[in-house]
Amino acid sequence: MNMQPDSFVYDHILIRYGELSTKGKNRKDFIKRLHTNVRHALMMFPDIEIERTHDRMYIHLNGSDPFAIKPYLEKVFGISSFSFALRVDSDIEAIKQAVLTLAQTQEPKTFKVAARRSDKQFPMISDEINRAVASIVLKNTEWKVNVRQPQVKIEIEVHTQDTYIMTDKYPGAGGYPVGVGGKAMVMLSGGIDSPIASYLTMKRGVAIECVHYASPPYTSMQAREKVLELARLLAPYQGHILVHIVPFTDLQLAIYEHCEESYAITIMRRMMYRIAERLAQKQNCLAIVNGESIGQVASQTLESMHTINAVTSMPIIRPVATMDKVEIIDLARKVGTYETSIQPWEDCCTIFTPKNPVTKPTIRRAEALERRFDFETLLEACVEQTESVHVYPTKPAEEEVSDLF
Ligand code: ATP
Ligand code: MG
């Protein structure tokens with residue numbers, strides 16, 4: 001027999017906002033944005049209707065399967081938890097009957113009833129509701145009460161007009177709705193760290209665009225595809241992601257020709273920051289995000305970060321800066337980007353890695369080396385020849401490429 005209750009017993013999904021509730025004055029904007037984001041995430045369920053109130057959102061299913069909706073809802077930031085619900089009039093006979101129907105569609109379990117009244121006008125107190133509901137279930141089914149450790153907690157929320165009956169609570173993605181916090185430009189490589197930096201940025205309500213530096217023919221089409229695939233895995237969190245692919249080869253070769261090898265990575269990363277800043281400004285992004293983690297490699301010592309960061313005054317957000325690699329990997333597995341990140345295709349950094357990169361570069365030395373060649377013209381060319389790809393959660397027959405610049 002089916003352990004899950006029949007999906008079609010439910011006619012609503014009740015959404016709880018969590019962290020939003022504490023954000024006093026911005027609350028209205030947050031709820032509005034969350035409403036829009038939920039609507040976009042559930043676009044493929046045309047029959048549903050979404051109703052929002054100051055502390056809850058309700059999805060009227062109108063016959064749609066809540067179990068099909070669940071994986072999409074789980075990717076909407078700003079939701080603390082949600083439950084499938086059965087909505088009835090706030091009338092004790094209707095409530096009793098609905099709970100009985102829920103119980104009868106499942107195998108017998110141990111249970112506890114937890115009623116809450118938001119409307120204190122309701123003629124029974126919570127405890128009386130609990131007892132009335134429990135007794136009808138006990139009388140008509142094999143279900144047994146267990147108050148301490150029930151297999152199912154039957155929650156009943158009594159409002160003025162309507163009552164919601166729920167059995168399971170699913171955790172939401174947490175955070176803030178994407179878009180309430182403006183927009184940032186993420187430096188997206190094919191590694192493990194930057195997709196997680198992207199995820200954590202969106203989780204704080206900041207929408208993202210991505211920049212990727214490609215060095216064909218030293219980097220392959222597969223490396224480019226891998227980055228687009230990572231963006232595709234991240235796209236459901238905000239609907240779609242614009243990925244800017246920068247042709248980086250000429251600039252990178254010039255760096256290796258004119259600068260000493262131990263400083264090549266430092267200079268290369270200073271160029272990456274300069275390009276990211278220009279793209280960010282064009283696209284109205286207020287910050288740059290990357291997957292740097294303190295001490296992970298030579299270019300990520302504090303001395304390196306200091307020297308590399310000096311080329312821009314834009315805020316640089318490093319969401320994984322203080323995380324251990326194992327913590328980042330754990331999160332990457334949960335988010336679902338890990339398996340793609342460990343695919344073998346080489347990135348531009350890996351190919352040009354010098355044998356002995358400097359771990360304590362100085363700004364003075366970096367500036368002196370940069371005076372040896374006309375990097376400004378090469379930078380301009382990189383920005384001008386950038387190709388922008390719209391990436392959606394599912395791959396269209398042909399990726400939509402636009403020439404923004
Ligand atoms: P890994 O997960 O293996 O550490 P990584 O992507 O973090 O790979 P790093 O060399 O540590 O690679 O680079 C640090 C950060 O710099 C990346 O997280 C990313 O934000 C940015 N970066 C590196 N290479 C590129 C690239 N080719 N395009 C865009 N951003 C890049
Ligand atoms: Mg890294």
Side-chain angles (χ1 to χ4, degrees), residues 181-182 184-204 206 208 210-213 215 246 248 251-252 255-256 258-281 285-332 335 337-338 341 347-372 375 379:
M185 184 65 73
V186 180
M187 295 165 62
L188 184 65
S189 67
I192 295 164
D193 305 331
S194 49
I196 293 311
S198 308
Y199 167 86
L200 292 171
T201 302
M202 291 188 282
K203 187 171 181 185
R204 294 324 289 168
V206 176
I208 60 166
C210 296
V211 51
H212 176 69
Y213 306 92
S215 299
V246 178
F248 203 48
L251 182 53
Q252 211 166 6
I255 295 169
Y256 281 84
H258 299 287
C259 307
E260 61 202 42
E261 203 188 305
S262 65
Y263 259 77
I265 293 276
T266 309
I267 308 288
M268 182 188 82
R269 297 194 63 80
R270 282 164 62 94
M271 298 300 168
M272 285 182 171
Y273 273 43
R274 288 181 171 111
I275 295 168
E277 178 187 58
R278 288 177 203 197
L279 293 176
Q281 281 163 351
C285 298
L286 293 177
I288 295 169
V289 177
N290 65 35
E292 289 173 343
S293 179
I294 300 168
Q296 197 182 79
V297 289
S299 63
Q300 293 170 30
T301 60
L302 284 185
E303 289 86 351
S304 278
M305 283 188 192
H306 182 254
T307 296
I308 292 163
N309 210 149
V311 300
T312 175
S313 59
M314 213 175 223
I316 310 286
I317 317 268
R318 300 177 176 86
V320 302
T322 61
M323 287 167 76
D324 288 350
K325 193 74 187 185
V326 287
E327 294 173 310
I328 304 173
I329 289 175
D330 258 10
L331 196 48
V335 174
T337 51
Y338 182 72
S341 289
D347 197 23
C348 61
C349 299
T350 13
I351 285 171
F352 291 95
T353 305
K355 278 179 230 57
N356 294 306
V358 56
T359 52
K360 296 184 177 176
T362 64
I363 296 177
R364 256 182 77 153
R365 186 77 192 127
E367 285 174 347
L369 292 169
E370 284 170 355
R371 279 194 288 273
R372 292 184 183 174
F375 69 83
L379 270 185

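- For the residue pair Arg318 and Asn309, a side-chain donor N or O sits within less than 3.5 Å of a side-chain acceptor on the partner.
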Please test Asp193 against Gln296 for side-chain contact (heavy atoms from CB on, under 4.5 Å), starting from the C-alpha separation and ending with a verdict.
CA-CA 11 Å; Asp193 305 331; Gln296 197 182 79; 2.9 Å; yes
Run Met187 and Glu292 through side-chain contact (heavy atoms from CB on, under 4.5 Å) and show every step you take.
CA-CA 10 Å; Met187 295 165 62; Glu292 289 173 343; 5.8 Å; no
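- Each of Asn290, Val246, Ile288 was checked for a side-chain contact (heavy atoms from CB on, under 4.5 Å) with Val211, and the lone residue meeting it is Val246.
- At a threshold of 4.5 Å between non-hydrogen side-chain atoms, the residues Ile192 and Lys325 count as touching.
- Closest non-hydrogen pair, Ala366 versus Tyr263, comes out as N-CE2, 3.9 Å.
- In this structure a side-chain-to-backbone donor-acceptor pair under 3.5 Å is present from Ser341 to Gly191.
- Residues Ile275 and Leu251 have side chains in contact (heavy-atom distance under 4.5 Å, counting atoms from C-beta outward).
- Residue Ala197 comes nearest to Gly291 through the heavy atom pair CB-CA, 4.1 Å, listed as atom of the first residue, atom of the second, then distance.
- In this structure, Ser198 and Leu188 have side chains that are in contact, with non-hydrogen atoms separated by less than 4.5 Å.
- In this structure, Cys259 SG and Arg270 CZ are separated by 10.0 Å, a value rounded to the nearest 0.5 Å.
- Residues Met271 and Glu370 have side chains in contact (heavy-atom distance under 4.5 Å, counting atoms from C-beta outward).
- With contacts defined as side-chain heavy-atom distances shorter than 4.5 Å, the pair Leu331/Leu200 qualifies.
- In this structure, His258 and Phe375 have side chains that are not in contact, with every pair of non-hydrogen atoms separated by 4.5 Å or more.
- Atom CD1 in Ile329 sits 10.5 Å away from atom CE in Met323 (nearest 0.5 Å).
- Across all their heavy atoms, Arg274 and Leu379 have their closest contact at CD-CD1, 3.6 Å.
- With Thr307 contributing its side chain and Glu303 its backbone, the two residues share a donor-acceptor pair below 3.5 Å.
- From Glu327, atom CD reaches atom CD1 of Ile196 across 12.0 Å, with rounding to the nearest 0.5 Å.
- Thr301 and Thr359 form no side-chain donor-acceptor contact under 3.5 Å, judged by distance and modelled atom types alone.
- Atom CZ in Arg204 sits 11.0 Å away from atom OH in Tyr199 (nearest 0.5 Å).
- Note that CE of Met268 and OH of Tyr213 are 10.0 Å apart. Values are rounded to the nearest 0.5 Å.
- Side-chain contact between Thr266 and Val358: present, with at least one pair of heavy atoms (C-beta onward) separated by less than 4.5 Å.
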Ile308 and Tyr273: CA distance, side-chain angles, deciding distance, side-chain contact (heavy atoms from CB on, under 4.5 Å) verdict
CA-CA 8 Å; Ile308 292 163; Tyr273 273 43; 3.7 Å; yes
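- In this structure, Arg269 CZ and Met272 CE are separated by 5.5 Å, a value rounded to the nearest 0.5 Å.
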Tell me, with the steps shown, if Gln300 and Ser293 meet side-chain contact (heavy atoms from CB on, under 4.5 Å).
CA-CA 6 Å; Gln300 293 170 30; Ser293 179; 4.1 Å; yes
